[in-house]
Q: 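Input: one structure, supplied below.
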Amino acid sequence: MIKLISPGQFKTIPWKNGLGETTELAISEHGTLDYFDWRLSIASVVSNGSFSDFSGYDRNLILIEGCGICLTHDDDKKDNLLNILDKASFSGGSKTVGTLTRGAIKDFNIMTNQKNISPEVHCLSSHQKISVTVLPDTLYFAYSLSADMGVEASFIEKAIIPMGSLLEIHHSQQPEKNEYSLHGSDIIFIKLTTNLKK
């Protein structure tokens with residue numbers, strides 16, 4: 001089954017460290033800033049500084065606007081995000097400092113509870129078609145940066161997901177409703193699998 005989450009449904013909330021604001025696109029049921037299974041958000045970074053402490057969570061961070069940012073983790077490991085859809089994966093418990101390359105940026109964040117969720121994140125810059133077989137205990141999301149995204153399935157007419165809206169796909173008890181294809185460019189595609197053995 002598919003669900004469209006439009007920008008009008010997004011929420012603006014403060015960063016955990018109070019140094020800025022983030023746009024929350026979606027969060028796990030009953031999730032809060034202090035505890036959640038997964039959260040998808042977009043943040044504007046306008047100055048250099050430390051990231052919030054999210055110990056116990058994995059972070060996937062993707063550059064979606066601007067000229068780049070360098071992330072330094074625990075004064076050692078570095079991730080240089082210079083091109084749109086460049087991605088960094090790191091522990092939310094790391095001491096992470098962001099240094100802007102040239103001016104403000106926006107990033108897309110996928111944060112997942114290390115005990116409860118296994119994430120897969122793919123960034124597709126060129127026009128591609130994605131085939132999705134929806135599995136139980138798994139959520140799928142897709143977000144397009146630069147154009148509308150098409151969704152096709154045997155049981156529905158072709159659907160158009162407007163640029164900047166979030167598509168959610170979840171498992172149906174009807175097998176024929178678990179096969180989809182998406183097509184577009186500049187897409188962030190996310191698969192979140194629940195860890196059944198906790």
Side-chain angles (χ1 to χ4, degrees), residues 1-18 20-44 51-62 64 87-94 96 106-123 130-145 149 151 153 155-156 159-182 187-198:
M1 301 294 289
I2 63 174
K3 176 183 176 182
L4 175 67
I5 305 173
S6 66
Q9 297 171 273
F10 301 165
K11 298 178 181 179
T12 300
I13 61 172
W15 289 356
K16 194 174 180 181
N17 63 13
E21 292 182 332
T22 194
T23 299
E24 184 180 272
L25 282 63
I27 191 170
S28 56
E29 188 175 10
H30 306 306
T32 67
L33 185 61
D34 293 319
Y35 186 85
F36 52 87
D37 279 338
W38 54 265
R39 188 176 76 145
L40 311 182
S41 63
I42 293 175
S44 296
F51 278 46
S52 300
D53 180 8
F54 278 96
S55 296
Y57 291 84
D58 288 321
R59 296 188 68 159
N60 282 272
L61 186 146
I62 302 161
I64 61 171
K87 175 171 67 82
S89 301
F90 55 98
S91 171
S94 298
T96 298
K106 284 187 179 180
D107 56 50
F108 192 107
N109 289 271
I110 302 100
M111 284 191 272
T112 50
N113 188 302
Q114 291 172 346
K115 292 182 179 178
N116 300 342
I117 302 292
S118 296
E120 292 182 27
V121 180
H122 303 278
C123 299
I130 311 165
S131 296
V132 183
T133 299
V134 183
L135 302 174
D137 302 306
T138 305
L139 280 174
Y140 304 78
F141 294 93
Y143 182 89
S144 179
L145 302 183
M149 180 170 49
V151 182
F155 57 92
I156 60 170
I160 300 297
I161 307 301
M163 178 184 70
S165 293
L166 182 69
L167 173 67
E168 177 183 334
I169 308 176
H170 55 89
H171 187 263
S172 171
Q173 296 301 317
Q174 299 171 271
E176 72 276 9
K177 295 189 176 182
N178 290 319
E179 300 290 338
Y180 295 85
S181 64
L182 315 178
I187 291 175
I188 299 170
F189 181 72
I190 302 153
K191 177 181 177 182
L192 304 178
T193 303
T194 301
N195 298 328
L196 298 179
K197 295 180 179 179
K198 299 179 182 178

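No experiment lies behind these values; they were computed from the predicted model shown.
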Q: Measuring from atom CD1 of Ile117 to atom OG1 of Thr138, what distance do you get when rounded to the nearest 0.5 angstrom?
A: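 One gets 9.0 Å once the value is rounded to the nearest 0.5 Å.
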Q: With salt bridge (charged side-chain N to carboxylate O under 4.0 Å, His left out) as the rule and sequence neighbours excluded, what pairs involving residues 163-178 come up?
A: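 Found none.
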Q: Please enumerate all residues that pass side chain to side chain contact (heavy atoms under 4.5 Å, CB included) together with Ile64, with sequence neighbours excluded.
A: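 Ile42, Ile62, Lys106, Phe108, Leu145, Ile188.
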Q: Starting at CG of Leu33, measure out to CZ of Arg39 and round the result to the nearest 0.5 Å.
A: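 One gets 5.5 Å once the value is rounded to the nearest 0.5 Å.
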Q: Quick one: list whatever passes side-chain hydrogen bond (donor to acceptor under 3.5 Å, both in side chains) with Thr112, sequence neighbours left out.
A: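 Applying side-chain hydrogen bond (donor to acceptor under 3.5 Å, both in side chains) to Thr112 gives none.
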Q: Which heavy atom in His171 sits nearest to a heavy atom in Pro136, and how many Å separate them?
A: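 His171 and Pro136 have their closest heavy atoms at CD2-N, 3.5 Å.
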Q: With a 4.5 Å heavy-atom cut-off, do Ser144 and Leu167 have their side chains touching?
A: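 No. Closest side-chain heavy atoms not under 4.5 Å.
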Q: Is any side-chain heavy atom of Ile5 less than 4.5 Å from a side-chain heavy atom of Leu25?
A: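 The answer is no; the side chains never approach within 4.5 Å.
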Q: Taking only distance into account, with no hydrogens and no angle test, what donor-acceptor pairs under 3.5 Å do side-chain atoms of residues 6-16 form with protein atoms, sequence neighbours excluded?
A:
| residue | atom | partner | partner atom | Å |
| --- | --- | --- | --- | --- |
| Ser6 | OG | Gln9 | OE1 | 3.3 |
| Gln9 | OE1 | Ser6 | N | 2.9 |
| Trp15 | NE1 | Glu21 | O | 2.8 |
| Lys16 | NZ | Asp53 | O | 3.1 |

Q: If I compare all heavy atoms of Asp34 with all of Tyr57, which pair ends up nearest, and what's the gap?
A: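 So the two residues come closest at O-OH, 4.1 Å.
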Q: For a quick test of reading the model, state the closest non-hydrogen atom pair linking Asn113 to Lys115 and the distance between them.
A: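 Taking Asn113 first and Lys115 second, the nearest heavy atoms are OD1-N, 2.9 Å.
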Q: Taking the side chain as C-beta and beyond, is there a heavy-atom pair between Leu139 and Trp38 under 4.5 Å?
A: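 Leu139 reaches Trp38 side chain to side chain.
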Q: For Asn109, give me all partners under side chain to side chain contact (heavy atoms under 4.5 Å, CB included), at least two apart in sequence or on another chain.
A: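 Residues passing side chain to side chain contact (heavy atoms under 4.5 Å, CB included) with Asn109: Ser41, Ala43, Arg59, Leu61, Asp107.
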Q: Supply the atom-to-atom distance Ile190 CD1 to Cys123 SG, rounded to the nearest 0.5 angstrom.
A: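 Spacing of CD1 (Ile190) from SG (Cys123) equals 8.5 Å.
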Q: Rounded to the nearest 0.5 Å, how far apart are CD1 of Ile187 and CG of Leu182?
A: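 These two atoms lie 6.5 Å from each other.
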Q: To the nearest 0.5 Å, what is the distance between CG on Leu192 and CZ on Phe141?
A: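 So the CG of Leu192 and the CZ of Phe141 are separated by 6.0 Å.
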Q: Between Ser89 and Asn60, is any side-chain donor less than 3.5 angstrom from a side-chain acceptor?
A: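 Present: a donor and an acceptor within the cut-off.
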Q: As an exercise, state the distance from CD1 of Ile2 to OG of Ser172, rounded to the nearest 0.5 Å.
A: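 One gets 11.5 Å once the value is rounded to the nearest 0.5 Å.
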Q: Indicate the atoms forming the closest heavy-atom contact of Tyr140 with Thr133, along with that distance.
A: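 It is OH-O, 3.2 Å.
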Q: Could I get the full list of side-chain hydrogen bond (donor to acceptor under 3.5 Å, both in side chains) partners for Ser91, not counting sequence neighbours?
A: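 For Ser91, no residue satisfies side-chain hydrogen bond (donor to acceptor under 3.5 Å, both in side chains) once neighbours in sequence are set aside.
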Q: Of all the heavy-atom pairs spanning Phe36 and Gly31, show the shortest one and how long it is.
A: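 Nearest pair, atom of Phe36 first, then Gly31: CB-CA, 4.0 Å.
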Q: Grab the two heavy atoms, one from Tyr143 and one from Ser165, that are nearest each other, plus how far apart they are.
A: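 Shortest heavy-atom separation between Tyr143 and Ser165 comes out as CD1-O, 3.5 Å.
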